[in-house]
Engineer: 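Right, I'll just put the structure down here and ask away after.
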Amino acid sequence: LGGMFPDTTIGIVARPGNGKSYTGNSIRTSILKNPDDNLGVLLYNLEMPFFTLLMVELKKVLHKSLKDIISKPPTESEIPLYKQVADEFRDDRLTKIDETMSPEDFYKVTKAYIEANRHRKQLFVIIDHIGIIKGVNKTESIHQTMEYINILKMEYPGLLTFVVLGQLNREIEH
């Protein structure tokens, strides 16, 4: 349909190891592709460390093994590719949160981000992954977080798009 519309929540769920974090990273890269777009991304990077995402992206772009990327110096022709990949992680329109929090704290932090970036055309909030939100009862924490997402969309109509990554419980497979 031509993009990710405001006021929507997109859920991506799959079994462990099926590329959810990589997909979330690809979505982030695609959103921020044009440096002139007045967009913002708040990334709750709770599952995969940013260094790992960087290495996976380098592996894809360079067509090299992680071992070779880490142990061998880049060739002259590879240096621009290293820079290109690294620059995608340095965009000032990207705000990264690497610590897990309660649903209430998620709401407060997200609301503060929105207030600071209301001047932007559209804001994207990517959560990788929602099952890592803090709480005694994980199911209840997920439900509370989703409720806060709905509240934020109502408070800021026409501005927010949420991408929520989640992991299927292995017991579901049986």
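FYI, the numbering just counts along the sequence from 1.
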Engineer: Suppose clustering is done on Ile, Leu, Val, Met, Phe, Trp and Tyr with side-chain heavy atoms closer than 4.5 Å. Which residues sit in the same group as Tyr22?
Structural biologist: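 Members alongside Tyr22: Val56.
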Engineer: Taking salt bridge (charged side-chain N to carboxylate O under 4.0 Å, His left out) as the definition, give me every residue that meets it alongside Lys83, ordered by chain and number, with sequence neighbours left out.
Structural biologist: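 Listed in chain order: Asp87.
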Engineer: My understanding is that only one of Leu94, Leu54, Thr29 makes a side chain to side chain contact (heavy atoms under 4.5 Å, CB included) with Phe89; could you say which?
Structural biologist: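 Of Leu94, Leu54, Thr29, side chain to side chain contact (heavy atoms under 4.5 Å, CB included) with Phe89 is met by Leu54 alone.
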Engineer: Side-chain contact, heavy-atom cut-off 4.5 Å: Gln167 with Val13?
Structural biologist: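 A side-chain contact under 4.5 Å is absent here.
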Engineer: Please check if the side chain of Asn34 supplies one atom and the backbone of Asp36 the other of a donor-acceptor pair under 3.5 Å.
Structural biologist: yes
Engineer: Quick one: pull up CG in Leu42 and CZ in Arg28 and give me the separation to the nearest 0.5 Å.
Structural biologist: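 Those atoms lie 13.0 Å apart.
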Engineer: Any luck finding a side-chain donor-acceptor pair between Thr100 and Tyr44 under 3.5 Å?
Structural biologist: no
Engineer: I need the minimum non-hydrogen distance between Met4 and Ile31, along with the two atoms involved.
Structural biologist: CE-CD1, 4.4 Å
Engineer: Rounded at 0.5 Å granularity, tell me how far CG in Leu160 sits from CG in Asp7.
Structural biologist: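 So the CG of Leu160 and the CG of Asp7 are separated by 7.5 Å.
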Engineer: Going only through I, L, V, M, F, W and Y residues with side-chain contacts under 4.5 Å, is there a path from Phe162 to Phe5?
Structural biologist: no
Engineer: Can you name the side chain to side chain contact (heavy atoms under 4.5 Å, CB included) partners of Glu155, sequence neighbours left out?
Structural biologist: Tyr107, Lys111, Ile151, Leu152
Engineer: Main chain of Asp105, side chain of Tyr148: is a donor-acceptor contact present, judged purely on distance under 3.5 Å?
Structural biologist: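 No: the side chain of Tyr148 does not pair with the backbone of Asp105.
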Engineer: When clusters are formed from ILVMFWY side-chain contacts under 4.5 Å, directly or step by step, what else is grouped with Val136?
Structural biologist: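 So far as hydrophobic clustering goes, Val136 is joined with none.
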Engineer: With respect to Arg93, which candidate in Leu123, Val41, Leu32 satisfies the side chain to side chain contact (heavy atoms under 4.5 Å, CB included) definition?
Structural biologist: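 With Arg93 as partner, Leu123, Val41, Leu32 yield a single side chain to side chain contact (heavy atoms under 4.5 Å, CB included), made by Leu32.
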Engineer: Give me the one residue out of Val125, Ile127, Thr110 that meets side chain to side chain contact (heavy atoms under 4.5 Å, CB included) with Ile149.
Structural biologist: Ile127
Engineer: Lys33: which residues meet the salt bridge (charged side-chain N to carboxylate O under 4.0 Å, His left out) condition with it, sequence neighbours left out?
Structural biologist: none
Engineer: Please check if Phe51 and Ile126 belong to a single hydrophobic cluster, counting links between Ile, Leu, Val, Met, Phe, Trp and Tyr side chain heavy atoms closer than 4.5 Å.
Structural biologist: yes
Engineer: If hydrophobic clusters are built by linking Ile, Leu, Val, Met, Phe, Trp and Tyr wherever their side-chain heavy atoms come under 4.5 Å apart, do Leu46 and Ile130 end up in the same one?
Structural biologist: yes
Engineer: I'd like to check the side chain to side chain contact (heavy atoms under 4.5 Å, CB included) partners of Ala14; sequence neighbours left out, ordered by chain and number.
Structural biologist: Asn18, Lys20
Engineer: Do you reckon Val61 sits in the same ILVMFWY cluster as Leu53, going by side-chain contacts under 4.5 Å, direct or chained?
Structural biologist: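 Same hydrophobic cluster.
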Engineer: Phe124: which residues meet the ring-ring contact (aromatic ring centres under 6.0 Å, His included) condition with it, sequence neighbours left out?
Structural biologist: none
Engineer: Quick one: pull up NZ in Lys108 and OG in Ser102 and give me the separation to the nearest 0.5 Å.
Structural biologist: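 That separation rounds to 7.0 Å.
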Engineer: What are the two closest non-hydrogen atoms of Pro74 and Tyr82, and how far apart are they?
Structural biologist: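 It is CB-CE1, 3.4 Å.
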Engineer: According to the salt bridge (Lys or Arg N to Asp or Glu O under 4.0 Å) rule, which pairs have a member within residues 65-77, sequence neighbours left out?
Structural biologist: Asp68-Lys72
Engineer: Under the rule for salt bridge (charged side-chain N to carboxylate O under 4.0 Å, His left out), what residues qualify as partners of Glu115, not counting sequence neighbours?
Structural biologist: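 Salt bridge (charged side-chain N to carboxylate O under 4.0 Å, His left out) list for Glu115, sorted by chain: Arg118.
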Engineer: Are Val163 and Leu39 grouped together when hydrophobic residues (ILVMFWY) are joined by side-chain heavy atoms under 4.5 angstrom apart?
Structural biologist: yes
Engineer: Would you find a donor on one side and an acceptor on the other, under 3.5 Å apart, between the side chain of Asn45 and the backbone of Ile97?
Structural biologist: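 No, the answer is negative, given that no donor and acceptor are paired below the 3.5 Å cut-off.
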Engineer: Are any of the side-chain heavy atoms of Val85 and Leu62 separated by less than 4.5 Å?
Structural biologist: no
Engineer: Could you name each residue pair satisfying side chain to side chain donor-acceptor pair (under 3.5 Å) that touches residues 119-133, not counting sequence neighbours?
Structural biologist: Ser21-Asp128, Asn38-Arg120, Asn117-Arg120, Gln122-Thr161
Engineer: Only distances under 3.5 Å count here; give the side-chain donor-acceptor pairs of residues 139-146 to other protein atoms, sequence neighbours excluded, each with its distance to 0.1 Å.
Structural biologist:
| unit_1 | atom_1 | unit_2 | atom_2 | d |
| --- | --- | --- | --- | --- |
| Ser141 | OG | Lys134 | O | 3.1 |
| Ser141 | OG | Asn137 | O | 3.2 |
| Thr145 | OG1 | Ser141 | O | 2.8 |

Engineer: I'd like to check the salt bridge (charged side-chain N to carboxylate O under 4.0 Å, His left out) partners of Lys59; sequence neighbours left out, ordered by chain and number.
Structural biologist: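 Not a single residue meets the salt bridge (charged side-chain N to carboxylate O under 4.0 Å, His left out) criterion with Lys59.
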Engineer: Output yes when a side-chain donor or acceptor of Lys138 lies under 3.5 Å from a complementary backbone atom of Ile133, and no otherwise.
Structural biologist: yes
Engineer: Rounded to the nearest 0.5 Å, how far apart are CG of Leu43 and CG of Asn25?
Structural biologist: 8.0 Å
Engineer: Salt bridge or not for Glu78 and Lys64, using N-O below 4.0 Å?
Structural biologist: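 A salt bridge is present here (some side-chain N lies under 4.0 Å from a carboxylate O).
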